[in-house]
Amino acid sequence: MALRSLLRPASRALASHKPRPIIHQSTKNFDDLLTAHHANRAAPSSARRFKSSLPLEEPEAETETEHLSTPHLDNNTSETVKDFTSDPLKAGTPSPWAVFDAWGAGEGIVAPLTSSEESLLSNDSVRIPTDEHDRTSLPDESEILSVYDKFLQRKSSVHFGYPYNLMYNHEELYEFMKYSINNLGDPFVQSNYGVHSRQFECSVIDFFAKLWKMPQDSYWGYVTTCGTEGNLHGILLARECHPDGILYSSRETHYSIFKAARYYRMDAKAIPTLPMGEIDYDALQAEIAKNRDRPVIINVNIGTTVKGAVDNLDRILRILKTLGIPRERYHIHCDGALFAMMMPFVDFAPEISFDKPIDSIAVSGHKMLGCPMPCGIALTRKEHVKKVEQRIDYLNSVDTTIMGSRNGQAALYMWYSLRKKGVAGIKREVVHCMETAQYLRDKITDAGLTCRLNDLSCTVVLERPMDDKLIKRWQLACEEDIAHVVVMPNVTRFKIDKFVEELVECKDTYGRMQPVRKDSPLTQLASNSWGGRFVAPAVSDLKADV
């Protein structure tokens, strides 16, 4: 079967799907798949880096002109978009190749709300009444929720700027939303509270421990509320292991790392970055050398927030060795919110694993994996967590996490996604993201706009559009004079073509963004350190204008 047919939207693919023996869950267990996967990653350099991955079959182009000609909140979907949430063919499919798309996030671009529909989501319409007379003046809750569903479909169909995988279907789990599933206490120590999902949570932890090569019984972890909580936990453990240590991280690190330093009253150093977003290794070495008398705590970025840059772990380890910092005097946390989930599936990528002297990893579950609620994983070496462990009689368990009560639904949803997709299914989505990001980079560059893409990334960085309406419509994440698109499984070439078309219209109408200062992010996009080509911003000749 051609790969293109495997990438069709689920509503079409499932009808003709036939299980593939090489990846079917009943014939290949996790260890076999992971062993085969690592063997593929170590294949000779003559092999292609990525397995060919075509985008989802694109729908017919939908006309949006009539909606864009008048002011709108840019929120809605049209009534013609097919709703897949009640499609029984999608529930419980055993294939990790199935495209999870519960309600059409990967389908075409859908239209904004009408003015009358917008009014149903106004602050006045959704307010909570205080008496029956007040209630009669408000629209019905079902009517509001129906429009809200359309609002979410619209926003999901043009979701470009943030790293969330919107291609999933957890319909089989809807039944469990009626239970108050709480994984309070430690995942590995059962409490008196019986409505939990600990076995599923431990299974998720085991998966990531194998993925990152942790020996059995050497690790500890838990399902978090988000990547930030994972970072807070990892830095807390670092502080407890080295109370007088200094935290080093790049200036382009996610804000949660420096938030942790403030919360824990740690000394922290924001190290300058190279133009492509990696930490400045020479500056890091010089700063550590100035503080040899104190332990070293380093946050390594496995994909920075804005540019998707991956700090070179091996180079950082060489710096520590060069400076003569012994293992017991340093602690390494890896912030892998998005890309730590992807890197193990990129052929010939550097290895991030506990085979190396790292101490903890945090990754988000709602990003690459896809989940309807924010969640993630914190994983560390077992000996570290003992430093924060406290016995709680009230729970008949131990307190080892940041939160007390923890969302047991999140663990169940992550487990379900991992079981359904499997190693092969996750890799297929990673390949789609990486290749589609290259397609977007080339389209923007060919359109005459400045654009860059780091090698180990699906985050395309571009000059900030001059029209804020375009930024809001596509939900672009911006930093000063640049913006970025994070290519996830729900971003298709059809959507990219439409996005670039609007970018060109924006450029023709409003012109191009100029650097806001001499060393601004847009200026850094011109650096040769990125490699490849770029289109320089147009700068007028002052003499010619006189």
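What you see is a predicted model, and the numbers here were worked out from it, not measured in a lab.
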Can [X] and [Y] be counted as an ion pair, charged N to O under 4.0 angstrom?
X	Y	result
K386	E389	yes
E287	K290	yes
D347	K427	yes
D359	R327	yes
K356	D314	yes

Tell me, with the steps shown, if S191 and H196 meet side-chain contact (heavy atoms from CB on, under 4.5 Å). CA-CA 9 Å; S191 75; H196 63 80; 5.9 Å; no
Within this structure, what is the [atom1]-[atom2] distance for the pair [X] and [Y], rounded to the nearest 0.5 Å?
X	Y	atom1	atom2	value
M214	T380	CE	OG1	6.5 Å
L211	I426	CG	CD1	7.5 Å
D244	D267	CG	CG	9.5 Å
N231	Y255	CG	OH	10.0 Å
W212	L379	CH2	CG	6.5 Å
L317	R315	CG	CZ	12.5 Å

Side-chain touch [X]/[Y], heavy atoms, less than 4.5 angstrom:
X	Y	value
Y219	D206	yes
N407	C375	no
C241	K387	yes
L313	I332	yes
F208	L418	yes
L522	R464	no
M276	R452	no
I358	V300	no

Would you check if there is a donor-acceptor pair between the side chains of [Y] and [X] at a distance under 3.5 Å?
X	Y	answer
S417	H170	yes
H333	S360	yes
T253	N301	yes
T304	E252	no
N454	T459	no
Y193	N396	no

Taking all non-hydrogen atoms of both residues into account, name the closest pair between [X] and [Y] and its distance.
X	Y	value
N490	S156	ND2-O, 4.5 Å
R198	N183	N-OD1, 3.9 Å
A362	G230	CB-C, 3.5 Å
V195	Y179	CG1-CB, 4.4 Å
V491	H159	CG2-O, 4.0 Å
M343	P350	SD-O, 3.2 Å

[atom1] ([X]) with more than 12 external heavy atoms under 6.0 Å:
X	atom1	result
F176	CZ	no
E328	CD	yes
D519	CG	yes

Classify the ring geometry of Y162 against H484: parallel below 30°, tilted from 30° to 60°, perpendicular beyond 60°. perpendicular
Should the pair H233 and Y222 be assigned to parallel (<30°), tilted (30 to 60°) or perpendicular (>60°) ring geometry? perpendicular
Between the side chain of [X] and the main-chain N/O of [Y], is any donor-acceptor distance below 3.5 Å?
X	Y	value
N192	L395	no
S203	Q199	no
R406	G185	yes
R239	G245	no
R381	F354	yes
Y281	D311	no
E201	V223	yes
K421	L369	yes
T273	R251	no
K495	S157	yes

Is there a side-chain contact (heavy atoms from CB on, under 4.5 Å) between L440 and C451? Walk through the geometry before answering. CA-CA 9 Å; L440 173 59; C451 178; 5.9 Å; no
Given side-chain contact (heavy atoms from CB on, under 4.5 Å), test I402 with T224 step by step and report yes or no. CA-CA 8 Å; I402 296 291; T224 62; over 6 Å; no
May I have the step-by-step check of side-chain contact (heavy atoms from CB on, under 4.5 Å) for F188 and C202, ending in yes or no? CA-CA 7 Å; F188 299 96; C202 290; 3.7 Å; yes
